[in-house]
Number of protein chains: 2
Amino acid sequence: MALPQVSVGRPATIHDIAAVCGVAPSTVSRALSTPERVNIRTRERIQAAAVELNYTPNSQAKALSSGKTGAVGVLVPDITNPFYFDLIRGTQLQLKAAGYTQLLVDTEESDEVEASAIQQLRKSADGLIVGASRLTDEALLAASAAMPLVAINRDVPGVPAVIIDTPAATGQALDHLISLGHTRVAYISGPVSSQSNARRWDALSEAGKERGIDVVRLGPFAPKTQSGAAAADTAVHSGATACIVFNDLIAIGMLQRLRERGVRVPQDMSIVGCDDIFGADFCNPPLTTMSSPIEQAGRVAVTMLLAQLDPLRGGGTRTRSVMPTHLTVRASTTAAPAPMAPPAPRLHKPGPGPLTGGARP
Amino acid sequence: MALPQVSVGRPATIHDIAAVCGVAPSTVSRALSTPERVNIRTRERIQAAAVELNYTPNSQAKALSSGKTGAVGVLVPDITNPFYFDLIRGTQLQLKAAGYTQLLVDTEESDEVEASAIQQLRKSADGLIVGASRLTDEALLAASAAMPLVAINRDVPGVPAVIIDTPAATGQALDHLISLGHTRVAYISGPVSSQSNARRWDALSEAGKERGIDVVRLGPFAPKTQSGAAAADTAVHSGATACIVFNDLIAIGMLQRLRERGVRVPQDMSIVGCDDIFGADFCNPPLTTMSSPIEQAGRVAVTMLLAQLDPLRGGGTRTRSVMPTHLTVRASTTAAPAPMAPPAPRLHKPGPGPLTGGARP
DNA sequence: AATTCACTGACAACCGGTTGCCACAATGTG
DNA sequence: CACATTGTGGCAACCGGTTGTCAGTGAATT
């Protein structure tokens, strides 16, 4: 049994095969890409020679002449962020399944880097998946006009997009907190350039109005665990008994800081994260969070993009897909502290466990 | 001030520029890539036109004629694994800084997929970075002969490599446990196809012999948090009071399972992980682990690869780089339970918190 | 037997650059 | 003033495929 092997020497080309078989290169090309166009006998000779010589088509050359690169660019603002890991995993798996190569680019949260990456990728990719674009609506629309593109978490009319509907879960999260007796709720804001952040806040403050709860907005904070310290301090100072946090990264950072400060979570302060990233289930305490099907969003984005690339198979080309989210309740939320008592730390010894006590309206 | 923008319409080529400037395409090519070869006046006319037309060179065409693709393939067994996130981040950052594009490929822990990916990438990348290769030594050597390549955590004579020296930290970890009074230590094994796993075990069992401690080997287990449950059960059954675990993923899974079973960490069982991945510092309890400079390893690998690609600048081409590691002690290790008492679960209620009690020799 | 037609393979242009070589002009040298 | 030298730009081949077009062959049709 042959072990997986990599051939040595100069890679074979169709010219080599043509020479071996005594035919023209064009015939070789057809034998491999349009087999029915070539007589079965020569075809089989050619195919045998191709296997023999370990022929692999040169994707550059193929791209040059056919215009198709077989690659899809995936742009994310920050590969450092676990949220995008899940997204990248989803796109990678689905692209690979479809025979495409993924070109991963980190746009460093910069609209300029993003624009130049898109410009560059216009030639070297068949399509683009743009996560949480920092471009203006106009620029994104222009990019979408220039080449097949699917945006993720970016809602611009005319641009195909996959939207993770965290704003919807926002109402669930607030209801959850209200039912636990919380009346002073803070929203820990993410970066201002993030449209997701804006949409989440809009939905949350709207939900607050409907329910007669005043939600205060704190921040903005960078979407990193390190920002959690500042966020936690601000939250404590605000007097809120519960926080809904832009994302799990900041939330996890807050958890650590609150512990350092002796503020018990969830007894003194309830925390709701967003995204349900890797780690949200095993941090301490496990985080109540709005679960997003991130990986699935990546897959759906690829499916939508491929439908654009190949309109024949694509069936009805959907241009917008909204992914549902839901609240996952773990141990970082519980009943609000007694209404009139200050939210200051009390006994400062680990409590008997989470989820004690019921709702105190 | 112009906003970042993407041009519309057909991308400009050197032929367009040549037409505008009334020169030959070859002159345009030279004006842009070998400026001193062209008269300054025409050069400037051409450069102005290039900017004007928003010219971006077609990387496919450039690759075809020059043989350089400006891309580097990065192969990892499983993008799902946070360990590789750090690696990918390191390579991405460094490649980007050097003007290269990263082609990310998931080889699905399969030697066949890996070999075919390498074969494919021979044409479309200038070099390769192969994380934790599953190939045989011979196949990897052959691949390395066929194209510039740097392996990570794979030690094959003749193949340039970056080795993260976790075996060294293994001794430190064992000393740490011994000083805490542990005498029954288990090694939770990773996948058999992983050379890192073999090297870690060899170093650990050797260190055990030197110190007169018998280390038992349990497993193998897949490197996923889910495997932690089985690993935890096996470990408890083995009677060990401390485990050194193949990687943090499994270790974190064990933490969860042990909690479910009422086995307290670290009082009843100490756990040492490996890699110090994202999450190791905020899981419950925070994990004592062997910290690896993973991101830096990725960067070093890129540097070594680029030195191979461009021997002029590379200076002394190092072919092997060993990255030091160290033990990071957090809260998942403490003194061994009383020697003769069975390690069975006791009170089965959450303990007062980590880090109680001192060493009991 | 003459005509038509499907089948098959070769030729050549093209994708967008790079690069070796040559021609021509301007300048320097004897 | 003749000749060598240097600076510039163009021509054309090439990288490795794809694809439109055409010619030759043999079989089917009339």
Q) Does the pair Asp155(A)/Arg320(A) count as a salt bridge with the N-to-O cut at 4.0 Å? A) yes
Q) Under the 3.5 angstrom rule, does the side chain of Asn153(B) hit a backbone N or O of Ala132(B) as a donor-acceptor pair? A) no
Q.
Walk me through whether Arg43(B) and Glu36(B) qualify under salt bridge (charged side-chain N to carboxylate O under 4.0 Å, His left out).
A. CA-CA 9 Å; Arg43(B) 181 204 311 169; Glu36(B) 68 280 7; over 6 Å; no
Q. Of the options Glu109(B), Glu114(B), Glu112(B), which is the one that meets Arg134(B) in a salt bridge (Lys or Arg N to Asp or Glu O under 4.0 Å)?
A. Glu109(B)
Q) Can you give one letter per nucleotide of nucleotides 6-17 of chain D, 5' to 3': B if a protein heavy atom sits under 4.0 Å from the base, S if only from the sugar-phosphate, - if neither? A) --BBBBB--BBB
Q: State whether a side-chain donor-acceptor pair under 3.5 Å links Gln102(A) with Thr91(A).
A: yes
